[in-house]
Q: 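One structure coming up, written as structure tokens, with questions to follow.
For clarity, every value in this text was computed on a predicted model and none was experimentally measured. Just so it is clear, the values below take in all heavy atoms, side chains as well, and ignore hydrogens, waters and symmetry mates.
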Amino acid sequence: MSMDGERLELHQFPYSHYNEKVRWALDFKSVSHKRISHLPGPHMAAVRKLAGVSETPILRVGGVVVAGSADIIDVIEDHYPEPPLYPADAAQRKSALAAQTFFDEEIAPAVRRALFGELLKEPAYLCRMLASEKTLFTRLSYRAMQPAIRQVMRRMMEIDENSVAIARRAIRAGLDHVAAEAGPEGYLAGDRFTVADLAAAALLAPACNPPHPDMEFPQPRPARLDAWLNEWADHPGTAWVRSIYAKHRPQRVLPLRAPAD
């Protein structure tokens, strides 16, 4: 798979921690790419046609399509090795990739479930978050569809009172993990920034509201969301996430975006 001279398209949801992992990797390596934002719910047909899956992120390079944040980062690392996200040391690389898998599989679903357990109760704000890049007509249409979309999202994310309570405990476990496992230099796998730190910080970001426009919650925020952020605000893991963003999350190099409904 060659990326030389090809335009990279990232199919994404604007606010999504899995998508943020890929955006961060691309920006960290200064890789020019086009972002195509889909609306959760109506995205299904287009995304399935493109990649045969129902979720983003999806990276398209010419006629080649790669789905899933870990697989996409693996492709990016292979074709754009500098600056590296994978440690050169074999043991550290194994540790970094294991950390990514842990946060992908154990923490990220819990973050999503608990967060949307709150956001689904704020349909106007949720619509503003997910459809901000769309035309006025699309935003109004999406707002009108919210009752049905929220029902589908609640079912797909398996959101109920008990599952949200379990998810909140998992978030705290993720924050405990980064606070305990960060080494003397502040990193999870060795003494420099790696995919372990990127994955952990990106996937915990919705609990920490880090200082970056791609993942900050838009203002004004509903009181329910402020309470959500206050729940984690004093945790040392939250301070770690925000510091990793401040040190290693670059701004967008070439802000090329295209809408997709």
Q: Suppose we screen for side chain to side chain contact (heavy atoms under 4.5 Å, CB included). Which residues come up paired with R128, at least two apart in sequence or across chains?
A: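 For R128, the residues satisfying side chain to side chain contact (heavy atoms under 4.5 Å, CB included) (neighbours in sequence not counted) are Y125, P218, P220.
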Q: Going by the rule side chain to side chain donor-acceptor pair (under 3.5 Å), which residues pair with D176 if we only count those two or more places apart in sequence or in a different chain?
A: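 Only H235 meet the side chain to side chain donor-acceptor pair (under 3.5 Å) criterion with D176.
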Q: Kindly write out the residues that satisfy side chain to side chain donor-acceptor pair (under 3.5 Å) with R143, not counting sequence neighbours, or none if the list is empty.
A: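 Once residues adjacent in sequence are excluded, R143 has no partner under the side chain to side chain donor-acceptor pair (under 3.5 Å) criterion.
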Q: Determine whether the aromatic ring centres of Y15 and F217 lie less than 6.0 Å apart.
A: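 Yes, the ring centres sit under 6.0 Å apart.
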Q: Going by side-chain hydrogen bond (donor to acceptor under 3.5 Å, both in side chains), name the pairs with one or both residues in residues 81-93, residues two or more places apart or in two chains.
A: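 Qualifying pairs, neighbours excluded: D74-Y86.
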Q: Report the residues that fulfil side chain to side chain donor-acceptor pair (under 3.5 Å) with Q100, sequence neighbours left out, ordered by chain and then residue number.
A: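 For Q100 the side chain to side chain donor-acceptor pair (under 3.5 Å) partners, ignoring immediate neighbours, are K21.
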Q: Listed by chain and number, what are the side chain to side chain donor-acceptor pair (under 3.5 Å) partners of H248, not counting sequence neighbours?
A: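 Partners of H248 by the side chain to side chain donor-acceptor pair (under 3.5 Å) criterion, ordered by chain and then number, come out as Y187.
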Q: Using the salt bridge (Lys or Arg N to Asp or Glu O under 4.0 Å) criterion, which residues pair with E122? Sequence neighbours excluded.
A: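 Residues passing salt bridge (Lys or Arg N to Asp or Glu O under 4.0 Å) with E122: R224.
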Q: Sequence neighbours excluded, which residues qualify as salt bridge (Lys or Arg N to Asp or Glu O under 4.0 Å) partners of R169?
A: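 Per chain and number, R169 pairs via salt bridge (Lys or Arg N to Asp or Glu O under 4.0 Å) with no residue.
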Q: Show which residues join L140 in its hydrophobic cluster (side-chain heavy-atom contacts under 4.5 Å, direct or indirect), or state none.
A: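 Result for L140 is L136.
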Q: Which residues satisfy the side chain to side chain contact (heavy atoms under 4.5 Å, CB included) test with P236, sequence neighbours excluded?
A: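 Expected list: A179.
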Q: Take atom CG in D234; do more than 12 heavy atoms of anything else shown fall under 6.0 Å from it?
A: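 Count not over threshold, so no.
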Q: Under the side-chain hydrogen bond (donor to acceptor under 3.5 Å, both in side chains) rule, what pairs show up with a residue in residues 105-118, not counting sequence neighbours?
A: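 Non-adjacent pairs meeting side-chain hydrogen bond (donor to acceptor under 3.5 Å, both in side chains): E118-R168.
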Q: For residues 191-208, run the donor-acceptor check on the side chains, cut-off 3.5 Å, and write out each pair with its distance to 0.1 Å, sequence neighbours left out.
A:
residue : atom : partner : partner atom : Å
R192    : NH2  : P84     : O            : 2.7
T194    : OG1  : A196    : N            : 3.1
D197    : OD1  : L188    : N            : 2.8
D197    : OD2  : T194    : N            : 2.9

Q: Just verifying a value: how many Å separate Q12 CD and I58 CD1, rounded to the nearest 0.5 Å?
A: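 CD1 of I58 is found 11.5 Å from CD of Q12.
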